[in-house]
Amino acid sequence: MPSATAPLATDPDITRPDSHAVYIGYWFVEGADQGRAVLDEIMDAWDSTPRPDGILSVAGYLSTGNDVVLTYAQCTDDSVYRPFTRGLNLPAGPASTDPIEYRLHRDVLIDPTEPAPGAMVAASFDVDGSERQRSIVEAIVANVEGASAEEQAGLIAAHFHLSLDGSRVLNFAEWTDDEAHIEFLGGELSRRSLEIANEMPGVRPLGFRRYHLYRSLAV
């Protein structure tokens, strides 16, 4: 679960209907203290700068390994995010990636009545084009939806995002807690999903990280 000292935060509504462009960025940090400091710097910059219409939310996460900070930003379209963030005083110290632009493609809602997730898991795939993006999502969705309730235990929802350039698929999945995801990793549903990805031509699994929400802002 998130640290007791973390500021209050609300998980983003990933399925909100007015979100049409998603931007995911990463900062690579050395330990929890630096991770929280980087997140505070990012979120303070967002909070202190007037946000234009079209920016809906931003959420900041720290990986359970305390080595990666992830930001998840939702916008109404692709015209506002990059002009806005170019004017922010964002951290210059740790290595980071240029945020990747995604579109939410498909959701699997296992237990939407579950309270706020205790963990988010970001699993990525490197793929060869838009057709492979859709193929791997459909195959994994079929596997998850066809699994038993026991195999799905702890999974609240899986949200599949496709990068605009056709090179990435991201499954941003909500879990009840870390322990449920750890147990899933040793089960048959996880094994079958990985087998599907490894055997599909033009798809290369890049692994996953588990995250806890630290701070968020929303309109």
Side-chain angles (χ1 to χ4, degrees), residues 1-16 19 22 24 26 32 35-36 39 57-72 74 102 104-125 133 136-162 168-200 203-216 218:
M1 295 294 292
S3 164
T5 61
L8 293 177
T10 302
D11 292 274
D13 179 2
I14 295 175
T15 63
R16 60 184 294 174
S19 175
V22 173
I24 298 176
Y26 301 91
R36 287 190 288 266
L39 279 164
S57 77
V58 61
Y61 298 82
L62 179 62
S63 69
T64 56
N66 296 318
D67 58 346
V68 178
V69 160
L70 180 150
T71 56
Y72 183 98
Q74 296 172 299
Y102 287 90
L104 180 61
H105 175 63
R106 186 160 179 188
D107 306 287
V108 178
L109 305 179
I110 301 298
D111 189 2
T113 64
E114 186 71 30
M120 299 294 294
V121 177
S124 299
F125 304 85
Q133 285 180 313
I136 187 59
V137 170
E138 294 308 309
I140 292 178
V141 165
N143 185 41
V144 173
E145 291 184 333
S148 67
E150 182 179 1
E151 289 178 324
Q152 297 171 346
L155 176 61
I156 299 171
H159 307 282
F160 293 90
H161 298 66
L162 310 183
R168 290 285 187 274
V169 170
L170 177 78
N171 176 13
F172 203 43
E174 300 172 278
W175 288 83
T176 54
D177 51 36
D178 292 349
E179 291 73 22
H181 180 249
I182 291 168
E183 186 169 346
F184 158 82
L185 293 175
E188 282 299 300
L189 178 55
S190 174
R191 183 196 64 77
R192 292 196 307 270
S193 294
L194 187 59
E195 185 177 81
I196 288 168
N198 282 327
E199 292 182 354
M200 183 172 288
V203 175
R204 293 161 293 278
L206 297 176
F208 70 89
R209 277 189 173 88
R210 191 165 51 249
Y211 294 88
H212 291 160
L213 179 66
Y214 182 71
R215 282 177 65 178
S216 63

### Query
Considering only heavy atoms from C-beta outward, does the side chain of Thr176 approach that of Glu114 to under 4.5 Å?
yes

### Summary
Exactly one candidate in Pro117, Pro112, Pro115 meets side chain to side chain contact (heavy atoms under 4.5 Å, CB included) with Ile156; the answer is Pro117

### Message
Are the side chains of Asn143 and Glu151 in contact, using a 4.5 Å heavy-atom criterion?
### Response
no

### Query
With side chains defined as the heavy atoms from C-beta onward, is the minimum distance between Arg168 and Leu206 less than 4.5 Å?
yes

### Task
Would you check if the side chain of Ser193 reaches a backbone N or O of Leu189 as a donor-acceptor pair within less than 3.5 Å?
yes

### Message
My understanding is that only residues two or more places apart in sequence, or in another chain, count here; which of them pass ring-ring contact (aromatic ring centres under 6.0 Å, His included) with Phe184?
### Response
Trp175, His181

### With Asp107 via salt bridge (Lys or Arg N to Asp or Glu O under 4.0 Å) - residues at least two apart
none

### Message
Between Val144 and Leu155, is the side-chain contact (heavy atoms from CB on, under 4.5 Å) condition met? List the steps.
### Response
CA-CA 10 Å; Val144 173; Leu155 176 61; 4.0 Å; yes

### Summary
When rounded to the nearest 0.5 Å, the distance separating CG of Leu162 from CZ of Phe125 is 11.5 Å

#### Entry: Inter-residue atom distance His212.NE2 - Leu70.CG, 0.5 Å rounding
13.5 Å

#### Entry: Straight-line distance of Glu174 CD to Met120 CE, nearest 0.5 Å
4.5 Å

#### Entry: Salt bridge present between Arg192 and Glu195 (N-O < 4.0 angstrom)
no

### Query
Taking all atoms of both residues into account, what is the closest heavy-atom pair of Ala122 and Tyr211, and its distance?
CB-CE1, 3.9 Å

### Message
Donor-acceptor check, side chain of Ser216 to backbone of Thr10, threshold 3.5 angstrom: yes or no?
### Response
yes

### Shortest non-hydrogen contact between Ser57 and Gln74, atoms and distance
OG-OE1, 2.6 Å

#### Entry: Where at least one partner belongs to residues 205-214, residue pairs that pass salt bridge (charged side-chain N to carboxylate O under 4.0 Å, His left out), sequence neighbours excluded
Asp67-Arg209, Asp178-Arg210

### Message
List the residues meeting side-chain hydrogen bond (donor to acceptor under 3.5 Å, both in side chains) with Asp111, not counting sequence neighbours, and say none if there are none.
### Response
Thr113

### Heavy-atom closest contact (Met200 atom, Ala139 atom, distance)
CE-CB, 3.9 Å

### Message
For the CD1 atom of Ile196 and the CG atom of Leu194, what is their distance to the nearest 0.5 Å?
### Response
9.5 Å

### Residues that Phe160 engages under ring-ring contact (aromatic ring centres under 6.0 Å, His included), provided they are two or more places apart
none

### Between Tyr102 and Phe172, ring centroids under 6.0 Å
no

### Summary
What one should report as the nearest heavy-atom pair of Ile136 and Ala197 is CD1-CA, 3.8 Å

### Closest non-hydrogen atom pair between Pro12 and Tyr61, with its separation
CD-OH, 3.3 Å

### Query
Does the side chain of Asp13 come under 3.5 Å of the side chain of Thr15 through a donor N or O and an acceptor N or O?
yes

### Message
Any heavy-atom pair between the side chains of Val169 and Ile140 that's under 4.5 Å?
### Response
no

### Query
Are Tyr72 and His159 close enough that their ring centers fall under 6.0 Å?
no

### Message
Applying side-chain hydrogen bond (donor to acceptor under 3.5 Å, both in side chains), can you list everything that pairs with Glu138, at least two apart in sequence or on another chain?
### Response
Arg106

